[in-house]
There are 2 protein chains.
Amino acid sequence: MNSKFASDKPADNLSCHHGNRGSCSTCRLAELCIPIALKIEDINKLESIVHRGRPIKKGDHIYREDEEFKSIYAVRLGSVKTYLMTNDGREQVTGFYMAGEVFGMDGVASGIHETSAVAMETSAICAIPFERLEELGTLIPSLQRHMFKLLGQEITEDQKLITLLSKNSADERLAALFLSLSQRCKAIGLSPDNIILPMSRSDIGNYLGLTVETVSRVLSRMQKKEVIRIDNKELSILDMDALRAITNYSDY
Amino acid sequence: MNSKFASDKPADNLSCHHGNRGSCSTCRLAELCIPIALKIEDINKLESIVHRGRPIKKGDHIYREDEEFKSIYAVRLGSVKTYLMTNDGREQVTGFYMAGEVFGMDGVASGIHETSAVAMETSAICAIPFERLEELGTLIPSLQRHMFKLLGQEITEDQKLITLLSKNSADERLAALFLSLSQRCKAIGLSPDNIILPMSRSDIGNYLGLTVETVSRVLSRMQKKEVIRIDNKELSILDMDALRAITNYSDY
DNA sequence: CGACCGCTTGATCATAATCAAATTTTGTGG
DNA sequence: CCACAAAATTTGATTATGATCAAGCGGTCG
């Protein structure tokens, strides 16, 4: 399954820490990432500032809360979660990011990361220094526009999550998350109804404002109703319509 | 038709009702709004694109969900709430905005407003056409940076609300909201412990993911404990420390 | 191998939702 | 400005959802 994420470039590029000409322009995920907004010559400018990181292991951090905000990041391969620490020491998961998705925009406001980002599985991450991106943004209007869009997307996503947490039951929240993951898998060419969940039950519950026990019970319930089949990390959506019905056809 | 403003009249509206071209540079709220990032000559450029609206009445909309996204807005006077309609026809309040605060950035991603914005009391709103702002952003780096910050702030705020909804009890949510309002009042030179709430109980509950009844009960409880005194719209914070204690000293 | 971790399931409890009704405030037309 | 209707708020009684407490299972990794 993850072989579908295989890099379009040989492994030696993965271990190259600095910009690789050709990487963004040939990246299969470009349409989800930043370069979509750019013309060929502008992509070259962008590439000159992008750092393609070597693979990082499950549990490795990309950045930590309270660190200086320097870059935003794109998931090239794998998946990442972001989370923050509440004042009473509990963790709050604030987002899951899959291949092609951009994260790390918290910190734009204050210059300090408000969350930590950690790989949920072996992943490869592109880092894009934000200062350089700002400089480029003033030179390339379509890049500036795309940056605004990325930030705007994050806002839209967050507001949907707020609505979900504020208005929906445990079952509805789970169903909405699964539909979201399904769509996002589809968008990068993976099966929309056969998903390997990179996150733990506890992460899911945390993200959705539920306890692990509740998550587990909801999953069992959905399985009994033959809406999904779930075996450890492997989620199969058996009845997409039923899942949509559970969410009240929300657009989360 | 007069629920909308500014944009029905194009350029001549600039030297309008309050007839003051020097508006941004003399605005008491500038430090909270956009101009703080700018040099004098840049403020003039900004002012040339800002539309200062005439006062709007309670209940008037600034924009509605699904309308084309054209401008972002700053509250000059009064207060505004934003909300969206869930697919099952319920309202979800997504934000309260007071004088000096900027709203309307939902819509940056899709070009369509994802929320509606309505005045909670008689208000005056400045509209700033986003396209012009983008153009200026490429000319004035500090403006671009400030735009990023505004969007980033919205993200940070939303993530705090997510955490609040996900982790905190009814009492904690109310206390956190009151502290936030208190700080924001203070920031614009109003009393931090004597606040006129522009929003209804129902709006508060909606925003915090609680029913009206729960909000009412929490208020009664806090009043009995002499942490606050609340008389209709008039909130007095009697014991700021107790309020902070209720929130577990969260930084919401 | 064994301790630990993640997950599941069961029993009980607590918080906030829901249902219901009284009361206050607000808005409107005369 | 008043009277009345409508809307908002408060309070109470009951219920339901999900949290908490508890226990057991299965896999993993040192």
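Every value quoted in this text rests on a predicted model; they were computed, and no experiment measured them. Letters A, B, ... mirror the listed sequences (proteins, then strands); counts begin at 1. The figures here come from the full heavy-atom set of this structure, side chains too, leaving out hydrogens, waters and symmetry mates.
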Student: Name the one of B:N232, B:L235, B:L177 that satisfies side-chain contact (heavy atoms from CB on, under 4.5 Å) with B:L197?
Tutor: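 Of the listed residues B:N232, B:L235, B:L177, the side-chain contact (heavy atoms from CB on, under 4.5 Å) partner of B:L197 is B:L235.
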Student: For the helix from C:dC1-D:dG30 to C:dG30-D:dC1, measure the angle between the helix axis at one end and the axis at the other, each built from five pairs, rounding to 10°.
Tutor: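 The angle, to the nearest 10 degrees, is 50°.
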Student: Quick one: which of C:dT8, D:dT10, D:dA19 gets closest to the side chain of A:L219?
Tutor: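 Nearest listed nucleotide: C:dT8.
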Student: A:K233: what forms a side chain to side chain contact (heavy atoms under 4.5 Å, CB included) with it, not counting sequence neighbours?
Tutor: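 Result, side chain to side chain contact (heavy atoms under 4.5 Å, CB included) vs A:K233: A:I196, A:S200.
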Student: By a strict heavy-atom criterion of less than 4.0 Å, which residues belonging to residues 160-174 of chain A are in contact with DNA chain C?
Tutor: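 The answer is none.
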Student: Using the side chain to side chain contact (heavy atoms under 4.5 Å, CB included) criterion, which residues pair with A:M85? Sequence neighbours excluded.
Tutor: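 Once residues adjacent in sequence are excluded, the partners of A:M85 under the side chain to side chain contact (heavy atoms under 4.5 Å, CB included) criterion are A:E65, A:E91.
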Student: Answer with yes or no whether the side chains of A:Q92 and B:S166 bring together a donor and an acceptor at under 3.5 Å.
Tutor: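 Yes, side-chain donor-acceptor contact under 3.5 Å.
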Student: State which residues pass ring pair (Phe, Tyr, Trp, His ring centres under 6.0 Å) with A:F178; sequence neighbours excluded, sorted by chain then number.
Tutor: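 Listed in chain order: nothing, the list is empty.
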Student: If you assign each of B:K58 and B:L210 to its closest nucleotide in DNA chain C, which residue comes earlier from the 5' end?
Tutor: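 That would be B:L210.
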Student: Spell out protein contact along nucleotides 24-30 of chain D as letters: B when the base is contacted, S when just the sugar-phosphate is, - when no protein heavy atom is under 4.0 Å; keep the 5' to 3' order.
Tutor: -------
Student: With sequence neighbours left out, what residues match B:F69 under ring pair (Phe, Tyr, Trp, His ring centres under 6.0 Å)?
Tutor: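 Partners of B:F69 under the ring pair (Phe, Tyr, Trp, His ring centres under 6.0 Å) test: B:H113, B:F130.
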Student: Would you list the protein and nucleotides 4-7 of chain C atom pairs, both N or O, that sit under 3.5 Å from each other?
Tutor:
from, atom 1, to, atom 2, distance (Å)
C:dC7, OP1, A:R201, N, 3.4
C:dC7, OP1, A:K233, NZ, 3.3
C:dC7, OP2, A:R201, N, 3.0

Student: Report the residues that fulfil side-chain hydrogen bond (donor to acceptor under 3.5 Å, both in side chains) with B:E121, sequence neighbours left out, ordered by chain and then residue number.
Tutor: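 Listed in chain order: B:S79.
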Student: Taking atom types as modelled, is there a side-chain donor on B:D88 or B:T86 under 3.5 Å from an acceptor on the other?
Tutor: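 There is such a pair between these side chains.
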Student: Is the phosphate of D:dA19, meaning OP1 or OP2, less than 4.0 Å from a side-chain N or O of A:T214?
Tutor: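 Answer yes for this pair, as a side-chain N or O of A:T214 is under 4.0 Å from OP1 or OP2.
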Student: By salt bridge (Lys or Arg N to Asp or Glu O under 4.0 Å), which residues pair with B:D231, not counting sequence neighbours?
Tutor: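 Scan of B:D231 (salt bridge (Lys or Arg N to Asp or Glu O under 4.0 Å), adjacent residues dropped) gives none.
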Student: Go through B:R184 and B:L190 one step at a time and tell me if the side chain to side chain contact (heavy atoms under 4.5 Å, CB included) criterion holds.
Tutor: CA-CA 9 Å; B:R184 288 148 72 189; B:L190 296 176; over 6 Å; no
Student: Report, one pair per line, the protein and nucleotides 12-14 of chain D atoms (nitrogen or oxygen only) whose separation is under 3.5 Å.
Tutor:
from, atom 1, to, atom 2, distance (Å)
D:dG12, N7, B:R217, NH1, 2.8
D:dG12, O6, B:R217, NH2, 3.1
D:dA13, N6, B:R217, NH2, 3.4

Student: On DNA chain D, compare the nucleotides closest to A:V215 and B:V215; which residue's is nearer the 5' end?
Tutor: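 The residue mapped nearer the 5' terminus is B:V215.
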Student: Looking at A:T211, does any N or O in its side chain come under 4.0 Å of the phosphate oxygens OP1/OP2 on D:dT20?
Tutor: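 Answer is no, no contact under 4.0 Å.
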Student: List in chain and number order the residues that pass side chain to side chain contact (heavy atoms under 4.5 Å, CB included) with B:A117, two or more places apart in sequence or in another chain; answer none if no residue qualifies.
Tutor: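 Listed in chain order: B:I62, B:Y63, B:V80, B:T82, B:F103.
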